[in-house]
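Numbering of residues begins at 1 and proceeds along the displayed sequence.
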Amino acid sequence: MSQLLKYKDYILSMPSGALTKEQLLVPELLLDSHQNMSLYYIPFEYVNEQAKIMIIGITPGFTQMAIAYEQARLGLLENMPHPEIDRRAKAVASFAGTMRQNLYEMLDAIRLPEALSIESSRSLFEQERHLLHTTSAVRYPVFQSGENYTGHQPELAKSVFLMRYAREILLTELQAARDALVVPLGKSVADVLQQFTREGLLDGERCLFHMPHPSGANGHRRRQFAERKAELERTVHSWFGRE
């Protein structure tokens, strides 16, 4: 259920154009905090229960947060229904930036488009968006001393504070989109899903546990992907080839 009504007035007070940390990392949008970590609201509550693939990041970064709020402000000005604003904000902002291109290349290489009978992985973010659900291990943006949380120090799966959100929100999304192949981006997210698997809460056969994070900052991405490509491709084939 969308929480936009609670934040509507503040969002409408935002100026048009690019938004800054001074405008977004504010008490009005703060959801929770622990030690040097702060967690902020973002209009990312849409869940595509009919998705055939679910891509999971660590947590939305500031770039995604800013784009989502720009979209939310436009949607409110257009009097769009709140669930539709959530859907559009997520569609435009999720994994925005250069990492999308890296993600397309990896998904194409493990033959995901063939398994889904679509032209390319890029189309999942365009005309075939109905097949995709995007989310994060922690749905809401997390910042450490004002900087993007990267999944380390503390490790996501070992943080009681962050795992509470993963259990309350991500696990519910995984159960709602039960037919989706799950693509955790990077070890931090995979560790969370493997914990769910050990607890009997998630079917590990639907997870591409060894997909590298597509960020350009991951200098080992290409080597990691090459080492695991055959295994990842087998998992795709097995999941979509099941009766």
Looking at side-chain heavy atoms only, is the closest gap between [X] and [Y] below 4.5 Å?
| X | Y | value |
| --- | --- | --- |
| V182 | F209 | no |
| H133 | K90 | yes |
| V26 | Y10 | yes |
| S159 | M37 | yes |
| L174 | I56 | yes |
| Y140 | F44 | no |
| Y40 | I42 | no |
| L25 | M65 | yes |

Got more than 12 heavy atoms from elsewhere within 6.0 Å of CD, Q153?
no

Mind checking the [atom1]-[atom2] spacing from [X] to [Y]? Nearest 0.5 Å is all I need.
| X | Y | atom1 | atom2 | answer |
| --- | --- | --- | --- | --- |
| Q3 | K8 | CD | NZ | 15.5 Å |
| F62 | L19 | CZ | CG | 7.0 Å |
| L232 | H237 | CG | NE2 | 14.5 Å |
| E49 | Q175 | CD | CD | 11.5 Å |
| L124 | L131 | CG | CG | 6.0 Å |
| Q195 | L171 | CD | CG | 11.0 Å |

Could you check E70 against R73 for salt bridge (charged side-chain N to carboxylate O under 4.0 Å, His left out), going step by step and ending with a plain yes or no?
CA-CA 5 Å; E70 291 166 16; R73 179 180 175 277; over 6 Å; no

Got a sec, which residues hit salt bridge (Lys or Arg N to Asp or Glu O under 4.0 Å) with R198, two or more places apart in sequence or on another chain?
none

List the steps, then state whether salt bridge (charged side-chain N to carboxylate O under 4.0 Å, His left out) holds for R228 with E231.
CA-CA 5 Å; R228 296 290 188 171; E231 173 191 336; 2.8 Å; yes

For [X] against [Y], the heavy-atom pair lying closest together:
| X | Y | result |
| --- | --- | --- |
| S38 | L30 | CB-CD1, 3.9 Å |
| Y41 | D86 | OH-OD1, 4.3 Å |
| S136 | L170 | O-CD1, 3.9 Å |
| C207 | L193 | SG-CD1, 4.4 Å |
| H213 | L185 | CD2-O, 3.2 Å |
| V142 | T59 | N-OG1, 3.3 Å |

Quick one: do E105 and R221 satisfy salt bridge (charged side-chain N to carboxylate O under 4.0 Å, His left out)? Show the steps, please.
CA-CA 12 Å; E105 292 173 2; R221 170 174 48 86; 5.1 Å; no

Using side-chain contact (heavy atoms from CB on, under 4.5 Å), reason through D203 and W239 one step at a time and then give a plain yes or no.
CA-CA 11 Å; D203 179 1; W239 180 252; 4.0 Å; yes

If the threshold is 4.0 Å, N to carboxylate O, is there a salt bridge linking R88 and E84?
no

Write out all pairs satisfying salt bridge (charged side-chain N to carboxylate O under 4.0 Å, His left out) with one or both partners inside residues 148-174, taking only residues at least two apart or from two chains.
D32-R164, R139-E173, E155-K158, R167-E199

Assess whether side-chain contact (heavy atoms from CB on, under 4.5 Å) is satisfied between F240 and K52, documenting all intermediate values.
CA-CA 9 Å; F240 288 109; K52 298 302 180 185; 4.3 Å; yes

Under the criterion salt bridge (charged side-chain N to carboxylate O under 4.0 Å, His left out), I'd like the reasoning laid out for K229 against E233: C-alpha separation, chi angles, the key distance, then a yes or no.
CA-CA 6 Å; K229 178 178 176 293; E233 189 173 340; 3.5 Å; yes

Please check this pair: side chain of R206 against backbone of A180, looking for a donor-acceptor N/O pair closer than 3.5 Å.
yes

Quick one: does E114's side chain have a donor or acceptor within less than 3.5 Å of a partner on R111's backbone?
no

Given the rule in the side-chain contact (heavy atoms from CB on, under 4.5 Å) test, do M54 and L181 qualify, once you have shown the distances and angles that lead to the verdict?
CA-CA 6 Å; M54 178 187 293; L181 176 72; over 6 Å; no

Test ring-ring contact (aromatic ring centres under 6.0 Å, His included) on F125 and Y104; report intermediate values, then the result.
CA-CA 10 Å; F125 289 83; Y104 300 153; 5.7 Å; yes

Would V138 and I58 count as a side-chain contact (heavy atoms from CB on, under 4.5 Å) here? Give the steps.
CA-CA 6 Å; V138 181; I58 299 169; over 6 Å; no

How about R129 and T134: does a side-chain donor come under 3.5 Å of a side-chain acceptor?
yes

Criterion side chain to side chain contact (heavy atoms under 4.5 Å, CB included) against L208, the qualifying member of I55, L112, I53, I110
I110

